[in-house]
Amino acid sequence: MSGFDLRDFEENMASVQLRMPPFRIGFYQLAVLESGSGLVSTDGKKLQLGEHSLFFNLPGQIIYWDVAKNWKGYYLNLEEQFYTQALDGYPRLADLPFFRTYQSPIQLEEEEATNLLELMQRMQMAYRTENRYRRHILKALLQAILAYTLSAHARQADHQLEEVAQQGPAARFVNIVQERIRARSLGIDTAPLSPAELAQELFISPQHLSKVVKAATGYSPIRYLQHNLIAEAQKLLRATPLSIAEIGFQLGYEDPAYFSRLFKKVTGVSPSIYRNRAR
């Protein structure tokens, strides 16, 4: 069905390759793990998943598929064209908060997991049944699934805000940098990313930011930014066909020559040599 696909982990794990080379995903993905556990690497971040984990992937994210064979649950693959019965306030899939930028997995509470798994099961039955109204039924069920997901996301976001409020400026700096770089890699964030702007966002002076970041990471803020941006560039060189200039531009470097010099300074080799060795 155009723009929509639903998979059962238990059935799919019996036939797909459990370990795959990194690839760039081309659609929105929402998955609920009913049982099973393990590590999955998505966009360079290792996720510890377990029973009742709800997790997401976005178009453009780089996926390292290495999953356990004992997984049970469901995953939805969606494209914008299928989302015609939109939720109030979210006219596009890209407007939903868990599809706007990288989102860490949500550990569902018992009732949340029960509701989502029941809806997924009903959706699977409808998907497998030839019916002239099947597309309408699937879209109605999708609305309910996304609404329950919004509720679970809001609950976790409130909890994370409480945790962030208790963190020091260095930890908040690290979190912001990692989130912004992932968003840049996906092409959905072009906000300025410099120590001065980040210090202002954290309501501290650049001098104080430099002091606390150096103590926490061993790097100055600008060096921490550069090393993380180049680490992201390495992932894009390994897993995408984007040119070196395109990768640099996507990460905020408009001058390809400067980007190549910085890449070599950080890694010891040029971007082209790194890409050739990674193949």
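For the single chain, residues carry numbers from 1 onward in sequence order. Values below: every heavy atom of this structure, side chains too, minus hydrogens, waters and symmetry copies.
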Nearest 0.5 angstrom please: [X] [atom1] to [Y] [atom2], how far?
X      : Y      : atom1 : atom2 : result
Leu117 : Leu108 : CG    : CG    : 8.0 Å
Leu242 : Phe249 : CG    : CZ    : 12.5 Å
Leu87  : Leu142 : CG    : CG    : 8.0 Å
Asn115 : Glu110 : CG    : CD    : 10.5 Å
Gln250 : Leu229 : CD    : CG    : 11.5 Å
Arg180 : Asn228 : CZ    : CG    : 14.0 Å

(request) Can you spot which of Asn57, Leu146, Leu78 makes a side-chain contact (heavy atoms from CB on, under 4.5 Å) with Leu30? (result)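 Considering Asn57, Leu146, Leu78, a side-chain contact (heavy atoms from CB on, under 4.5 Å) with Leu30 is found only for Leu146.
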
(request) Check Ile106, Leu49, Leu33 against Leu54 for a side-chain contact (heavy atoms from CB on, under 4.5 Å) and give me the one that passes. (result) Ile106

Counting N and O atoms only, with roles assigned by atom type, does the side chain of [X] sit under 3.5 Å from a partner on the main chain of [Y], one being a donor and the other an acceptor?
X      : Y      : value
Gln200 : Pro206 : no
Ser53  : Gly50  : yes
Arg100 : Asp95  : yes
Gln156 : Pro105 : yes
Gln143 : Gln85  : yes
Gln29  : Asn77  : no
Ser260 : Pro256 : yes

Show the nearest heavy-atom pair for residues [X] and [Y], with the distance to one decimal.
X      : Y      : result
Ser185 : Glu232 : OG-OE2, 2.8 Å
Ile222 : Pro195 : N-CG, 3.8 Å
Leu138 : Ala126 : CD2-CB, 4.0 Å
Pro169 : Leu202 : O-CD1, 3.8 Å
Ala233 : Phe259 : CB-CZ, 3.8 Å
Pro97  : His153 : CB-CE1, 3.4 Å

Parallel, tilted or perpendicular, judged at 30° and 60°: which one describes the rings of [X] and [Y]?
X      : Y      : answer
Tyr75  : Phe9   : tilted
Phe173 : Tyr224 : tilted
Tyr219 : His227 : tilted

(message) If we count only N and O atoms by modelled type, under 3.5 Å, do the side chains of Glu112 and Ser151 hold a donor and an acceptor together?
(response)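 There is no such pair between these side chains.
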
(request) Quick one: do Leu93 and Glu79 satisfy side-chain contact (heavy atoms from CB on, under 4.5 Å)? Show the steps, please. (result) CA-CA 8 Å; Leu93 284 174; Glu79 295 178 18; 6.0 Å; no

(request) For residues Tyr83 and Tyr28, establish whether the separation of their ring centroids is below 6.0 Å. (result)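 Ring centres of Tyr28 and Tyr83 not closer than 6.0 Å.
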
(request) Please report the C-alpha distance between Leu76 and Met123 in whole Å, then the side-chain angles of each, then the deciding distance to 0.1 Å, and finally whether the side-chain contact (heavy atoms from CB on, under 4.5 Å) criterion is met. (result) CA-CA 10 Å; Leu76 273 171; Met123 180 177 273; 3.5 Å; yes

(request) Kindly indicate, with the supporting measurements, whether the criterion side-chain contact (heavy atoms from CB on, under 4.5 Å) is fulfilled by Leu198 and Leu193. (result) CA-CA 7 Å; Leu198 291 173; Leu193 191 59; 4.0 Å; yes

(request) Flag yes if more than 12 heavy atoms outside Gln81 fall under 6.0 Å of its CD atom; otherwise flag no. (result)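 Yes, CD of Gln81 has more than 12 neighbouring heavy atoms, counting only those of other groups under 6.0 Å.
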
(request) Show the numbers, then the answer: is there a side-chain contact (heavy atoms from CB on, under 4.5 Å) between Ile247 and Tyr253? (result) CA-CA 8 Å; Ile247 290 171; Tyr253 296 104; over 6 Å; no

(request) May I ask you to test the Arg238-Gln234 pair for a side-chain heavy-atom distance under 4.5 Å? (result)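 A side-chain contact under 4.5 Å exists here.
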
(message) If hydrophobic clusters are built by linking Ile, Leu, Val, Met, Phe, Trp and Tyr wherever their side-chain heavy atoms come under 4.5 Å apart, do Tyr148 and Met125 end up in the same one?
(response) no

(message) If hydrophobic clusters are built from ILVMFWY residues whose side chains come within less than 4.5 Å, do Met120 and Met1 share one?
(response) yes

(message) Test: side chain to side chain donor-acceptor pair (under 3.5 Å). Region: residues 120-131. Which pairs qualify, not counting sequence neighbours?
(response)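 Residue pairs passing side chain to side chain donor-acceptor pair (under 3.5 Å), neighbours aside: Asp5-Tyr127, Asp8-Gln124, Glu11-Arg128.
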
(message) Could you check whether Glu179 pairs with Arg182 (Lys NZ or Arg NE/NH1/NH2 to Asp/Glu carboxylate O, under 4.0 Å)?
(response) no

